[in-house]
2 protein chains.
Amino acid sequence: MKKVNPGDIVFSYKAGKIVAFSVVIANAYTSDKPGDFPKAGDGWDTNGWRVDVEYYLINNPIKPKLHIDKILPLLASKYAPLKSNGNGNQAYLFSITDLFAERLVSLMDAEVKISLINATRTFFDHNAAEQEEEKLKSCPSILETEKAQLVNSRRGQGKFRSNVSCIEPCCRLTKITDMRCLIASHIKPWSECNNFERLDGNNGLLLAPHIDHLFDKGFISFHDDGRVMVSSSLCKSILSAWSISLINVGEFNGKQKKYLEYHRSFVFDKFV
Amino acid sequence: MKKVNPGDIVFSYKAGKIVAFSVVIANAYTSDKPGDFPKAGDGWDTNGWRVDVEYYLINNPIKPKLHIDKILPLLASKYAPLKSNGNGNQAYLFSITDLFAERLVSLMDAEVKISLINATRTFFDHNAAEQEEEKLKSCPSILETEKAQLVNSRRGQGKFRSNVSCIEPCCRLTKITDMRCLIASHIKPWSECNNFERLDGNNGLLLAPHIDHLFDKGFISFHDDGRVMVSSSLCKSILSAWSISLINVGEFNGKQKKYLEYHRSFVFDKFV
């Protein structure tokens, strides 16, 4: 438990199936046994290690035993999670190689692959932005008030927001104009911007919160002429549950187009 | 310029009308005259003070001159923004009394009143949460990893998110289940919670980003039995632009009901 690092992936194995995966979000820490721990754990020490994770259930779990021929060559001779006949070994946590993990993932649904990639990406993107913000805050050559502007811009607030609203009058897709319900979203992500780009109104769109979410995560993007691009990794059922019609949202200006090019290349559908 | 404080409201007066209001977001700082400053400012010093604001245009600007009888008793004898005949005095920034400001606002559309209240509220809520987070980070009696959990919970991440997803399977309103598109939203706001409530899965809902926004800002709430409440301050056009149907979202459990009671009392429609 002490060897896991934030960002590591953990697969959960139960009754012969890989039923979930998790992204580790912090280092292990000492903790009492949870109160709702099952009877089977009565013999365990009260004090142990705890690791917090972001937990994702898998809809169509695979049974590794059915694929044991593909997995066997990658099993370690000691401390492997599976026996050579494909049955599970009993222990709380096993370390596996990258190759083994990739093989397991290759056996899973496309949906799992995508959500695995997205979960890790969300984790690392957030960490990158946090680190950028810390770097910014401790930079001696930037004035405090400028720092505040730059930090606010990460949240789509302040100077960046007012700069964007001078250029974009409404949500490009849902057309609402009420500023109370609009997010000022960076086209080129904040953590990948220089300080000029962080406040540049042309590097932003005013979007409804759900459209902002899809754009920010790379599920949608826009062509220069305003046509909407939809990632194949987005379940179409979401577009219909949210009644999003893929209208042409109107052409972008020259400066917006540069930022959009970045979005299409490095954010849209990035890992799929 | 040096006397303004974060959270102060500034009204913009142009050609006889109050065309916008702003919320000050940081103290004044020295700055060069902007490059795009109009010709009329040629005589101004290059170096001056700058104040960053969150800027809101007013759709139906009022002309104070038309209401001068109501305003006159509140005008200061010196350094007032208006002359006694209702015409404007020329200067960059005037200080006015709370009473004067309230009188001006009372003459404006309900829409302006509401957006003014919401803009200030967003500002102060955000500041309250920032301060709470700083307090938390510097609290000596909480373990570092617990601090990380509590900070993550403010962003709807980590332990709080997984706790919520054990209770709520999907967005109550749009019914989507894809975790990549769901926000773990606190029912009782994070900044008003104790540390137990911050991580309590019963204090959360999994919501689509736009539903989360409406719930978080108090535009919508829920009855214990699942009926949706909509604030009168929410333009109905937004519900239709986002195709939100006000279905019964299903009853809540006993613990959720306690938190919802708080939401209905202190978040929903709070300032209207």
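Numbered from 1 within each chain, the chains take letters A, B, ... in sequence-line order. Note that this is a predicted model, so its numbers are computed, not measured.
The structure places CD1 of Ile18(B) at 7.0 Å from CD1 of Ile58(B), a figure rounded to the nearest 0.5 Å. Atoms NZ and CD1, from Lys135(A) and Ile142(A) in turn, are 10.5 Å apart once rounded to the nearest 0.5 Å. Atom CG in Asn152(A) sits 8.5 Å away from atom CG in Asp52(B) (nearest 0.5 Å). The structure places CZ of Arg161(B) at 11.5 Å from OG of Ser185(B), a figure rounded to the nearest 0.5 Å.
By number of non-hydrogen pairs under 4.5 angstrom with chain B, the leading residue of Cys181(A), Ala148(A), Ser22(A) is Cys181(A). Of the listed residues Ala241(B), Cys171(B), Gly158(B), Ser162(B), the one with more heavy-atom pairs under 4.5 angstrom with chain A than any other is Gly158(B). Chain B forms the most heavy-atom pairs under 4.5 Å with one residue out of Leu234(A), Ile25(A), Ile176(A), Asn27(A), and that residue is Ile176(A). With respect to chain A, the highest number of heavy-atom pairs below 4.5 Å among Arg180(B), His213(B), Glu54(B), Gln149(B) belongs to Arg180(B).
Both the backbone and the side chain of Lys159(B) come within contact range of chain A, with heavy atoms under 4.5 Å apart. At a 4.5 Å heavy-atom cutoff, Leu57(B) makes no contact with chain A through either its backbone or its side chain. Only the side chain of Ile183(A) comes within less than 4.5 Å of a heavy atom in chain B; its backbone stays farther off. Heavy atoms closer than 4.5 Å to chain A are found in the backbone of Val53(B), but not in its side chain.
Close approach to chain A, defined as a heavy atom under 4.5 Å from one of its heavy atoms, is seen in Ala208(B), Pro209(B), His210(B) of residues 202-211 of chain B, taken by number.
Ring to ring, Phe215(A) and Phe222(A) are close: their centroids are under 6.0 angstrom apart. In this structure, the ring of His186(A) has its center less than 6.0 angstrom from the ring center of Phe160(A). Centroid-to-centroid, the aromatic rings of Phe268(B) and Phe219(B) stay 6.0 Å apart or farther.
Residues Tyr56(A) and Leu116(A) fail the side-chain proximity criterion, which asks for heavy atoms closer than 4.5 Å.
The main-chain N or O of Ser233(B) is found under 3.5 Å from a side-chain atom of Ser231(B) such that the two form a donor-acceptor pair. The backbone N or O of Leu199(B) sits less than 3.5 Å from a side-chain atom of Asn163(B), completing a donor-acceptor pair.
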